[in-house]
Amino acid sequence: MNQSVTSSKNSDHVVIITGGARGIGHAFAHRLAEDGFHVAIVDLHGAEEGAQALVRAGFSATGFKANVTNASDWDTLLTDIASSGKALHGLVNNAAMFASLDMQSFEQVSREEWMQVMEVNTYGPFLATQKVAPILAANGGGSIVNIASTSPLKGVTGMPHYVCSKGAVIALTRTLARELGDRGINVNAVAPGFTLSDGILLNTEHVEKFRDIGKNSRAMKRDQLPRDLQGAVSFLMSLDSQFMTGQTLVVDGGAFFV
Ligand SMILES: NC(=O)c1ccc[n+]([C@@H]2O[C@H](COP(=O)([O-])OP(=O)(O)OC[C@H]3O[C@@H](n4cnc5c(N)ncnc54)[C@H](O)[C@@H]3O)[C@@H](O)[C@H]2O)c1
């Protein structure tokens, strides 16, 4: 666990973004920094570099090397944030195993891989919320945004563990919305369609299988990019969405209508 850098332009309100070092998570970090939050990037790899990039752009950010499934990592980073004197405002549960997964039929997925995907993609956001919610409640409330996927809504083939994990994220969003509503915390999800993130662009199998199918299924027939998702998370982290909770916002250029 490492705290890296902060700029002189600190905001007093912190939003934690897991998996914020690259890809979609980094796009969220950039947008929330533009919105005036101090951004805490939590990632297994490149957290400090991700924060430094934001600081160089004139924003306020800190990087923490941490595993979202590790309780003591969460304790350390939340203690660091508390000692900074800033107030925690929100959490974006974005870190997940997806881009690095191989395509497999349901017969091929091993128990070990199933459990690993479930641990990162469902226990990670659950543990993060267990750790963060009491602090948000003590601060008078806040917002949690879980990054789901349209894959459980469509029933995409080739990665049943991933699809089930993202279905669980939507269910987690709903149950936690009910658990936390009385504590002033709203919990919502964003479900992206297939998005050309940094990780996806490294996986040619995913690009070949999903890019054209995704594009052709949309009302708006173009590639989805990380920046297409920024507005939804910005809104769900803002006071404008305070009375909205338990919802899943689909952002996919109009491929799937809820
Ligand atoms: N790219 C898509 O097509 C797509 C579509 C729908 C949903 N999503 C979701 O959007 C989110 C981001 O996707 P992406 O394509 O940018 O992925 P990515 O693989 O490019 O980035 C994921 C980030 O999470 C980090 N991470 C992974 N496991 C971690 C752990 N245990 N602890 C801390 N950090 C960890 C990685 O280091 C990486 O920086 C994921 O939740 C993904 O499921 C992506």
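One is the number of the first residue; the rest follow in order along the sequence. In each ligand, atom 1 is the first atom listed, and ligand 1 is the first ligand listed.
Ion pairing of Arg211 with Asp223 is present here, as a side-chain N (NZ or NE/NH1/NH2) and a carboxylate O approach within less than 4.0 Å.
In the displayed structure, Arg218 atom CZ is contacted under 6.0 Å by more than 12 heavy atoms of other residues, nucleotides or ligands. Other residues, nucleotides and ligands place no more than 12 heavy atoms under 6.0 Å from the CZ atom of Phe126.
Between the NZ atom of Lys215 and the CD atom of Gln224 there is a distance of 12.5 Å, given to the nearest 0.5 Å. The CG atom of Leu172 lies 10.0 Å from the CD atom of Glu179; values are rounded to the nearest 0.5 Å.
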For ligand 1, what N or O to protein N or O distances fall under 3.5 Å?
unit_1	atom_1	unit_2	atom_2	d
ligand 1	1 (N)	Thr195	O	3.1
ligand 1	3 (O)	Thr195	N	2.7
ligand 1	3 (O)	Thr195	O	3.4
ligand 1	15 (O)	Ser197	OG	2.6
ligand 1	16 (O)	Ile24	N	3.0
ligand 1	19 (O)	Arg22	NH2	2.9
ligand 1	20 (O)	Arg22	NE	3.1
ligand 1	20 (O)	Arg22	NH2	3.4
ligand 1	20 (O)	Gly199	N	3.2
ligand 1	31 (N)	Asn67	OD1	3.0
ligand 1	32 (N)	Val68	N	3.1
ligand 1	34 (N)	Leu44	N	3.3
ligand 1	37 (O)	Asp43	OD1	2.6
ligand 1	39 (O)	Asp43	OD1	3.3
ligand 1	39 (O)	Asp43	OD2	2.7
ligand 1	41 (O)	Asn94	O	2.7
ligand 1	41 (O)	Lys166	NZ	2.9
ligand 1	43 (O)	Tyr162	OH	2.7
ligand 1	43 (O)	Lys166	NZ	3.1

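Aromatic pair Phe98/His206: centroids less than 6.0 angstrom apart.
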